[in-house]
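First the structure, in the form of structure tokens, and then the observations on it.
The sequence lines fix the lettering, A, B, ..., with proteins before strands; numbering per chain opens at 1. Quick note: numbers below take in every heavy atom, side chains included, and nothing from hydrogens, waters or symmetry partners.
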There are 2 protein chains.
Amino acid sequence: MVTIRDVASAAGVSPSTVSRCFTQPEIVEAATRERVLRMATHLDYRPNRAARGLITGRTGNIGLLLPDLANPFFPSIVKGIQHQAHLSEYQVFVVDTDEDPAVELGLVRSLAKQVDGMILCSPRMRPAELAEAATVSPTVLLHRRAGGLPSVGIGNADAMRQAIDHLAALGHDRVGFVSGPRRSWSGRQRVAGIRKAAAAHGITLEEIGHFAPTFEGGSAAAQGVLLSGVTAVVAYNDLIALGLLNALRDRGVDVPRDLSIIGVDDISVSAMVRPALTTLSVPKEESGREAVDLLLQVLAHPGARNPPAETLPCRLTVRQTTAPPNQRAATRTTA
Amino acid sequence: MVTIRDVASAAGVSPSTVSRCFTQPEIVEAATRERVLRMATHLDYRPNRAARGLITGRTGNIGLLLPDLANPFFPSIVKGIQHQAHLSEYQVFVVDTDEDPAVELGLVRSLAKQVDGMILCSPRMRPAELAEAATVSPTVLLHRRAGGLPSVGIGNADAMRQAIDHLAALGHDRVGFVSGPRRSWSGRQRVAGIRKAAAAHGITLEEIGHFAPTFEGGSAAAQGVLLSGVTAVVAYNDLIALGLLNALRDRGVDVPRDLSIIGVDDISVSAMVRPALTTLSVPKEESGREAVDLLLQVLAHPGARNPPAETLPCRLTVRQTTAPPNQRAATRTTA
DNA sequence: CTGGGCTCTGCAAACGGTTTCATACTCCTC
DNA sequence: GAGGAGTATGAAACCGTTTGCAGAGCCCAG
């Protein structure tokens with residue numbers, strides 16, 4: 001392994017000078033600098049980041065905590081985060097919590113020493129734990145907002161408004177919301193948003209259960225949806241919507257004729273199924289990139305007073321799972 | 001930040017003793033050890049891994065290179081790898097190459113210093129580059145085999161045999177194979193395997209193009225498949241199969257009546273679409289776990305002469321996209 | 001010619017651990 | 001009671017880098 005000393009002796013200077021050539025090139029004489037850099041590339045020298053980190057206190061790594069890589073929503077975010085992080089020479093530690101809130105804080109702690117900061121994506125932990133996590137390591141929240149921590153979120157309430165506007169325009173007046181995990185902050189935002197939007201349109205809202213944010217969770221929701229007598233549902237996320245869509249079809253329910261379905265996230269699968277899912281498109285990669293930018297900004301100005309809380313807009317993508325209500329089916333199910 | 005010296009003075013011993021309590025507990029006297037460990041937990045001391053790595057040469061990290069996180073095949077592997085790595089207190093650096101072979105080697109080099117070893121998942125680079133990567137850092141190949149490097153793979157040829165057996169049993173005698181990336185080693189294995197299996201059954205094999213291993217790639221393959229006059233196709237992977245399935249439906253082709261489709265991977269989406277995709281189930285998480293085990297084994301015995309090359313079996317999962325050939329449709333398309 | 005200020009470079013001390021080597025102590029045997 | 005083996009601990013060197021401080025050399029003004 002080639003060290004800074006090898007480069008130094010090869011270039012006939014001291015290690016300090018070599019170091020300066022990399023960290024503050026302008027203060028070393030041009031001729032010297034050029035000679036050093038030439039030897040460095042010639043020897044294929046790369047600074048040992050662990051050694052550098054030991055003294056600077058910076059690791060060049062950022063940590064990313066997320067609930068479940070198996071949900072295609074998150075890999076998109078990872079891609080955005082990685083791309084942006086690599087632009088600034090940062091590496092990313094990815095940690096999957098398997099939707100278990102109990103392990104989140106522990107993972108943050110165990111990762112803290114090895115990263116300069118963390119991005120907590122859709123964390124399920126409680127606000128107090130979140131505050132504690134933030135003391136352990138500089139933290140940016142992604143798809144969550146809490147206690148004045150810097151965060152990147154999406155316009156959940158506005159998204160729900162768009163969904164309800166769309167359903168109202170189609171003529172629905174009895175709509176369901178299929179909830180995801182009880183601990184999901186986004187979920188609570190969405191419920192609040194859809195309540196308000198439904199009220200504004202005079203639409204009756206049925207809130208249906210809490211389900212795992214997975215395809216299976218959506219299947220499990222089918223019975224409750226059918227019993228509720230609604231003509232349209234908005235689901236917590238696309239996976240639930242897809243599971244629901246499938247379970248309904250297996251029971252002979254025609255989507256969108258008998259029931260309209262709207263998801264949230266716009267994961268790639270949603271465009272692959274038939275009928276293709278109408279959904280609220282969330283800017284996934286972009287939100288990941290923004291989170292990195294925000295974190296780097298926080299790292300650069302540790303004492304900033306007002307940590308920014310960004311909100312990115314969602315956009316309704318109308319595909320094939322929404323249509324005007326089927327009067328006959330509606331009256332049948334409500335009967 | 002609490003250091004080893006803090007623990008040492010709190011416990012009334014030297015830093016050396018504290019260090020030994022963690023690295024080789026058996027050589028320090030029981031009473032002393034207990035006192036030290038009690039102080040350590042009390043102060044919430046955690047060894048600085050960068051500092052430790054500086055002297056031991058071990059980082060406690062492993063690197064994972066993969067082509068595209070957006071393909072649901074890979075997140076499953078990541079989960080398996082992470083889970084197994086965390087059991088041995090290793091962290092995982094994940095790097096996505098966006099299917100670009102040109103950047104792979106560079107990423108390996110830039111990551112090398114920060115990891116103890118790397119898992120290269122479905123790398124697209126050439127054997128010579130692979131050999132070079134292996135000199136840079138201890139390497140395990142996942143879903144690829146090359147030049148005696150330790151590897152974990154799947155039984156591609158056997159998988160193709162199962163697919164052809166299934167299609168032959170249904171009565172197909174003219175089958176297509178839709179190829180993925182030209183640089184994919186698995187792809188070449190599968191072509192070779194399916195050629196042999198088809199020959200054994202007296203089945204005519206049509207090899208159709210090279211396509212991106214994505215949903216869009218599958219859509220693009222539709223025309224070629226229709227022109228080929230086959231009654232069944234096996235696709236390089238599930239995403240291509242799904243794209244194909246969709247594009248065919250949009251052209252009015254009924255799957256499986258007019259055409260049978262078999263994918264490879266068994267990604268979660270394949271069970272979510274209708275008709276659900278018949279596919280070769282690859283043990284994704286398991287292969288990830290095996291790769292970690294293998295890498296740790298390599299790290300523990302650096303001089304081992306015969307690096308193991310494991311092969312995990314695939315299993316055909318029959319769903320709804322395979323059926324006996326439709327005689328009329330077949331003659332129509334071959335006309 | 002002297003002295004003050006600049007610019008560039010080297011020395012040496014960190015950073016937080018691990019590990020080699022030496023030392024002090026205990027215990028046992030002859 | 002002396003000597004040797006064995007055990008538990010501490011002192012110090014080291015890993016590869018950054019950085020505060022000092023010093024060398026130079027230029028220019030007085």
Side-chain angles (χ1 to χ4, degrees), chain A residues 1-40 43-61 89 91 110-116 137, chain B residues 1-41 43-61 89 91 110-116 137 299:
Chain A
M1 197 207 295
V2 37
T3 78
I4 204 172
R5 273 175 255 272
D6 300 326
V7 179
S9 64
V13 297
S14 78
S16 329
T17 302
V18 178
S19 174
R20 280 187 275 257
C21 283
F22 286 98
T23 55
Q24 19 186 1
E26 66 281 359
I27 75 164
V28 35
E29 200 194 13
T32 315
R33 180 188 342 136
E34 201 205 339
R35 185 158 35 95
V36 168
L37 292 180
R38 203 168 45 231
M39 285 324 285
L43 296 175
D44 193 30
Y45 165 74
R46 288 147 197 264
N48 180 323
R49 302 182 73 156
R52 172 181 289 179
L54 200 51
I55 185 143
T56 62
R58 301 218 143 184
T59 62
N61 303 331
E89 312 264 311
Q91 291 292 345
S110 76
L111 218 49
K113 283 271 187 45
Q114 307 173 58
V115 302
D116 295 340
S137 176
Chain B
M1 197 205 298
V2 36
T3 77
I4 204 172
R5 274 171 252 274
D6 300 327
V7 178
S9 65
V13 297
S14 76
S16 328
T17 303
V18 178
S19 174
R20 280 187 275 256
C21 283
F22 287 97
T23 55
Q24 18 186 359
E26 65 283 359
I27 75 165
V28 35
E29 199 195 13
T32 314
R33 180 187 343 133
E34 202 204 338
R35 184 158 35 97
V36 168
L37 293 179
R38 203 169 45 230
M39 285 324 284
T41 57
L43 295 175
D44 194 30
Y45 165 74
R46 287 147 198 265
N48 180 322
R49 302 183 74 155
R52 171 181 289 178
L54 202 50
I55 184 134
T56 62
R58 299 217 142 183
T59 62
N61 303 330
E89 313 264 309
Q91 291 293 344
S110 76
L111 218 50
K113 282 272 187 46
Q114 306 172 61
V115 301
D116 295 339
S137 178
L299 293 179

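Remark: I55(A) pairs with no residue by the side chain to side chain contact (heavy atoms under 4.5 Å, CB included) rule, at least two apart or across chains. For R58(A), the salt bridge (Lys or Arg N to Asp or Glu O under 4.0 Å) test picks out no residue, with sequence neighbours left out. Residues satisfying the side chain to side chain contact (heavy atoms under 4.5 Å, CB included) criterion with R49(B), sequence neighbours excluded, are Q114(A), Q91(B). Taking T32(B) as the reference, E29(B) meet the side chain to side chain donor-acceptor pair (under 3.5 Å) condition, with sequence neighbours excluded. Listed by chain and number, the residues in a salt bridge (Lys or Arg N to Asp or Glu O under 4.0 Å) with R5(B) amount to none (sequence neighbours excluded). With sequence neighbours excluded, the residues satisfying side chain to side chain contact (heavy atoms under 4.5 Å, CB included) with I4(A) are P15(A), V18(A), S19(A), Y45(A). Among residues two or more places apart in sequence or in another chain, the side chain to side chain contact (heavy atoms under 4.5 Å, CB included) test is passed with S14(A) by S16(A), T17(A). In terms of the salt bridge (Lys or Arg N to Asp or Glu O under 4.0 Å) criterion, residue partners of R38(A) (sequence neighbours excluded) are, by chain and number, E34(A).
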Pairs under 3.5 angstrom, nitrogen or oxygen only, protein versus nucleotides 22-25 of chain C, please.
none

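Where DNA chain D meets chain A (any atom under 4.0 Å from a heavy atom), the bounding nucleotides read 5' to 3' are dG16(D) to dG20(D).
Side-chain contact between P47(B) and K113(A) is absent, with no heavy atoms from C-beta onward closer than 4.5 Å.
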- Task: List the protein contact pattern of nucleotides 9-18 of chain C with one symbol per nucleotide (5' to 3'): B for base contact, S for sugar-phosphate-only contact, - for none; contact means a heavy-atom distance under 4.0 Å.
- Result: SBBB-BBBBB
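For the atom pair CG (L111(B)) and CG (N61(B)), the distance works out to 8.5 Å, reported to the nearest 0.5 Å.
End-to-end axis angle of the helix from dC1(C)-dG30(D) to dC30(C)-dG1(D), from C1' rotation axes over five pairs per end: 70° (rounded to 10 degrees).
Environment of CD in E26(A): crowded, with over 12 heavy atoms of neighbouring residues, nucleotides or ligands closer than 6.0 Å.
Not one N or O on the side chain of R33(A) forms a donor-acceptor pair closer than 3.5 Å with the backbone of C21(A).
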